[in-house]
Amino acid sequence: MPELPEVETTRLGLLSAVIGKRVSGVILRDWRLRWPIPRNLDALLVGRTVLGLARRGKYLLWDVESSHGGGFLLCHLGMSGSMFTVRNGVAPIKHDHVDIVLGGDTIVRYHDPRRFGAMLWISGATPTHPLLDQLGPEPMAADFNGSRLFARSRGRAISVKQFIMDGHTVVGVGNIYASESLFDAGIRPTTAAGRISETRYGSLASSIKATLAKAIAAGGSSLRDYVGADGESGYFQLAAQVYGREGEPCHTCRRPVRAIRQGQRSTFFCSRCQT
DNA sequence: CGAGAGTCCTGAAGGC
DNA sequence: TGCCTTCAGGACTCTC
């Protein structure tokens, strides 16, 4: 699934194809995502113009004439979703659940084998929704920093890795980038969040920003289900330091990378470089 | 309230 | 080849 860099890459790839374009049709082949897609999606979208495409965490927010009687289309790619453009007329394949036809000649196609994603409608001029209400800061924003991490972690027994993957702490840090950022900051993922100093949280915030920025610059990293917004295989070699490298030598000290499980998710770290 | 487990679903990979 | 188990990038929603 797309982590934040992949979602941002998707957004950037879709922008020119959707902004200012009028929706001419909607094809709903399977509405059974994490929550049901509104069955009247066509009535909500057709005839309206897309005025914006924003991202909040891993959610994509389409502004569909929100200030003129429309609203927002809220999309999440879940674990295996992708959203990309194809020429109108290109036949769908298995798991192509939704087509949004724009201007008659372009389709934005939603593909999601596991159907953990979401496509919901928010009526009105402001994108308020329970899924968005409690989200933490954007990792690349100035208000996400070490002081904030430190303040929010006091008294918390949860491991620092699970702490930074919690969307209330900061949005968009998924399983891969959590391991990578903690390696970059030299912090052991099992350490209790409440026992890490403000100085170290400063390093961690910087590492999260740097790790995500690098991945966004590379166009999203490489996961087998991921398809870029242009429909091409968005397959970039992920320059992982530790993720998926169990038993292989640490790039810094050559000690074998260790793999453990935390909260039913895989964690990778170097037991020498991360203390 | 926090922490941990369970849940949705398909598909790929590995063991036998 | 086939059957079975395990695992996968998320994150909401329970229970204790």
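Chain A is the first sequence line, chain B the second, and so forth, proteins listed ahead of strands; every chain is numbered from 1.
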Practice item. Please measure how far the P atom in dG6(B) lies from the corresponding atom in dT6(C), and state the result in whole Å. Key: 14 Å
Check your understanding: According to a strict under-4.0 Å criterion, is Arg115(A) in side-chain N/O contact with OP1 or OP2 of dT10(B)?
Key -> yes
Check your understanding: Planes under 30° and centres closer than 5.5 Å, is that true for Phe116(A) with the base of dA11(C)?
Key -> no
Exercise for review: Check step by step if side chain to side chain donor-acceptor pair (under 3.5 Å) holds for Asp184(A) and Thr211(A).
Suggested key: CA-CA 8 Å; Asp184(A) 192 64; Thr211(A) 303; 4.8 Å; no
Point to revise | Side-chain N,O (Lys94(A)) to OP1/OP2 (dG11(B)) below 4.0 Å | key: yes
Exercise for review: Give the dot-bracket string for DNA chain B, reading 5' to 3', where a pair is Watson-Crick or G-U wobble with both distances under 3.5 Å, ( ) marks pairs inside the strand, [ ] marks pairs crossing earlier ones, | marks a partner on another strand, and . marks unpaired.
Suggested key: .|||||||.|||||||
Review point. Does a nitrogen or oxygen in the side chain of Tyr59(A) sit under 4.0 Å from OP1 or OP2 of dC12(C)?
Key: yes
Check your understanding: Taking atom CG of Leu14(A) and atom CD1 of Ile100(A), what is their separation to the nearest 0.5 Å?
Key -> 9.5 Å
Check your understanding: Would you say dC9(B) has OP1 or OP2 under 4.0 Å from some side-chain N or O of Arg34(A)?
Key -> no
**Study point:** Side-chain donor-acceptor contact under 3.5 Å, Gln162(A) with Ser159(A)
**Key:** yes
Point to revise | Whole-Å distance separating the CZ atom of Arg154(A) from the P atom of dG2(B) | key: 15 Å
Revision key, fill the gap. Closest of dC12(C), dG11(B), dA8(C) to the Trp35(A) side chain is dC12(C)
Point to revise | Under-4.0 Å side-chain N/O to phosphate OP1/OP2 contact, His76(A) with dC12(C) | key: no
Review point. Is the closest side-chain donor-acceptor distance between Ser266(A) and Arg261(A) under 3.5 Å?
Key: yes
Practice item. Take the protein atom CZ of Arg261(A) and the nucleotide atom C1' of dT6(C), then report the distance between them rounded to whole Å. Key: 9 Å
Check your understanding: Has Ser266(A) got a side-chain N or O lying under 4.0 Å from the OP1 or OP2 atom of dC7(C)?
Key -> no
Review point. Glu3(A) side chain to Ile176(A) main-chain N or O, any donor-acceptor pair under 3.5 Å?
Key: yes
Table of protein N/O atoms under 3.5 Å from nucleotides 3-5 of chain B N/O atoms:
residue	atom	partner	partner atom	Å
dA3(B)	OP1	Ala157(A)	N	2.6
dA3(B)	OP1	Ile158(A)	N	3.0
dA3(B)	OP2	Arg156(A)	NE	2.7
dA3(B)	OP2	Arg156(A)	NH2	2.7

